[in-house]
Amino acid sequence: MLWIMKFSGFFSAAMIMIVLSPSLQSFPPAEAIRSSNLQFSGQIATAGNKITRLPFKKASVFVNSDKCRSKSKRFSVCDESLIHIAITLDVEYLRGSIAAVHSILQHSVCPENIFFHFLVSESNLETLVSSTFPKLNFKLYFFNPDLVRTLISSSVRSALEQPLNYARNYLADLLPRCVSRIIYLDSDLVLVDDVSKLWITSLGTKTIGAPEYCHANFTNYFTAKFWQNKRYSRTFSGRSPCYFNTGVMVIDLVKWRRVGYTKRIEKWMEIQKSERIYELGSLPPYLLVFGGRVAPIEHRWNQHGLGGDNVKGSCRDLHPGPVSLLHWSGSGKPWIRLDSKRACPLDSLWAPYDLYGYST
Ligand SMILES: *[C@@H]1O[C@H](CO)[C@@H](O)[C@H](O)[C@H]1NC(C)=O
């Protein structure tokens, strides 16, 4: 029950039990991630557990405008006109994930054309999602934390060690084969622009797209041990890698599956277990595998770092330029700072999307 202790205090333990406990027993067995029984939506719907109060207010129903080609149609996940978005529903970051979804729907001209793929590992959250967002197109996927637990090494901040942080590595396996492109988003961000503009990003011949930060000193993302070992460091030879943040990525799942990038990421994680080649959590393997091979995306789509420094936390300002997405990466989270009355100025931009609050 470690997750309860780590739970950062936005609802009481009693509330957690009411909302989540019916589902704790309903997970498929350990090897679920590789099996075909990944979507357990049906199971949940028939669970029949009565939930009388939910921690989130119901959002308005977001409908397509007249400009959208399809009007009020019920989509199946394989429909070609859909925009696919993957987000984790980590109990600890649930409030952030819900706000992220809310922000996406609010700024979308065709919100009904969006399909959400939620990655979960601890509990059944289907009722919570469908009660909070009526008519949302979504599916839940069980991500087995045991799959990565042995691969995770300690990092500078314990939140970076949460197994669900690594679920993004397995999207190509988890999602149905008909889903050929996915936007992966972290839980500590909000969009203030229409996600369809990000969706149509051209990836060229690349497998992933993300905003790159070439002024950041790339050397510092890896340890001296890494750079001194020629066998490791020559992985970058012939490449000009730049730092990028893995909290906002557009991924070509067809290419990912074809090349088998999941295995390449896992290989670096295994090396890290014994050699300590980096300090951060799930990010460095992406730099190792994709650095210098990333389709650049405009920086407006990841105004990151608003959570402040990884260790101390502190208030950060926006990077210059336009803003389509605000990302509270770093140690501070806006919902925690707002609740504790120690908000940073930009946290007020997150607040309008917050749906937390008891409803009957
Ligand atoms: C990057 O950082 C490394 C180690 O901290 C340093 O030796 C190197 O000179 C830096 N490079 C640049 C271009 O600042």
Side-chain angles (χ1 to χ4, degrees), residues 151-162 165-166 168-169 184 186 188-189 203-250 261 264-323 325-333 344 346:
L151 284 173
I152 298 174
S153 58
S154 62
S155 75
V156 289
R157 183 155 61 86
S158 66
L160 300 175
E161 296 157 28
Q162 292 306 306
N165 267 345
Y166 298 83
R168 72 194 89 190
N169 304 355
Y184 177 81
D186 270 353
D188 49 358
L189 52 78
L203 297 181
T205 60
K206 307 292 198 295
T207 302
I208 71 167
E212 290 187 290
Y213 305 90
C214 295
H215 58 270
N217 188 338
F218 197 80
T219 313
N220 300 326
Y221 292 98
F222 300 94
T223 58
K225 202 168 189 174
F226 171 84
W227 294 114
Q228 282 154 14
N229 187 326
K230 287 280 178 308
R231 213 157 49 90
Y232 299 153
S233 56
R234 75 165 176 237
T235 191
F236 288 120
S237 65
R239 296 199 250 164
S240 314
C242 295
Y243 170 79
F244 63 94
N245 179 283
T246 50
V248 178
M249 292 185 286
V250 180
Y261 283 112
R264 295 199 188 182
I265 289 170
E266 285 181 335
K267 193 197 80 185
W268 284 113
M269 289 175 73
E270 267 157 29
I271 292 171
Q272 164 75 354
K273 279 301 277 189
S274 53
E275 302 271 343
R276 197 85 191 160
I277 53 174
Y278 51 80
E279 301 295 344
L280 290 168
S282 59
L283 171 82
Y286 276 80
L287 300 180
L288 287 160
V289 173
F290 295 109
R293 300 167 177 157
V294 173
I297 289 179
E298 273 186 90
H299 290 117
R300 64 194 302 149
W301 289 106
N302 196 349
Q303 284 273 357
H304 65 123
L306 302 181
D309 182 85
N310 256 333
V311 182
K312 310 192 293 288
S314 49
C315 294
R316 289 276 181 88
D317 208 350
L318 290 170
H319 306 262
V323 181
L325 184 152
L326 298 150
H327 185 186
W328 278 263
S329 55
S331 60
K333 299 302 163 203
C344 289
L346 291 173

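Order of appearance sets the numbers: ligands from 1, and atoms from 1 within every ligand.
The side-chain heavy atoms of D188 and H327, taken from C-beta on, include a pair separated by under 4.5 Å. Looking at heavy atoms from C-beta onward, L306 lies in side-chain contact with L318 at the 4.5 angstrom threshold.
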Query raised in the report: What do the steps show when you test Y232 against F222 for ring-ring contact (aromatic ring centres under 6.0 Å, His included), and what is the final call?
Result: CA-CA 11 Å; Y232 299 153; F222 300 94; over 10 Å; no
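Partner of I297 under the side-chain contact (heavy atoms from CB on, under 4.5 Å) criterion, chosen from I208, N302, V250: V250.
Shortest contact from atom 4 (C) of ligand 1 to any protein heavy atom: N220 OD1, 3.6 Å. Counting only heavy atoms of the protein, atom 8 (C) of ligand 1 lies nearest to N217 ND2, 3.8 Å.
Of the polar atoms of T219, none of the N or O atoms is found under 3.5 Å from an N or O of ligand 1, judged by distance alone.
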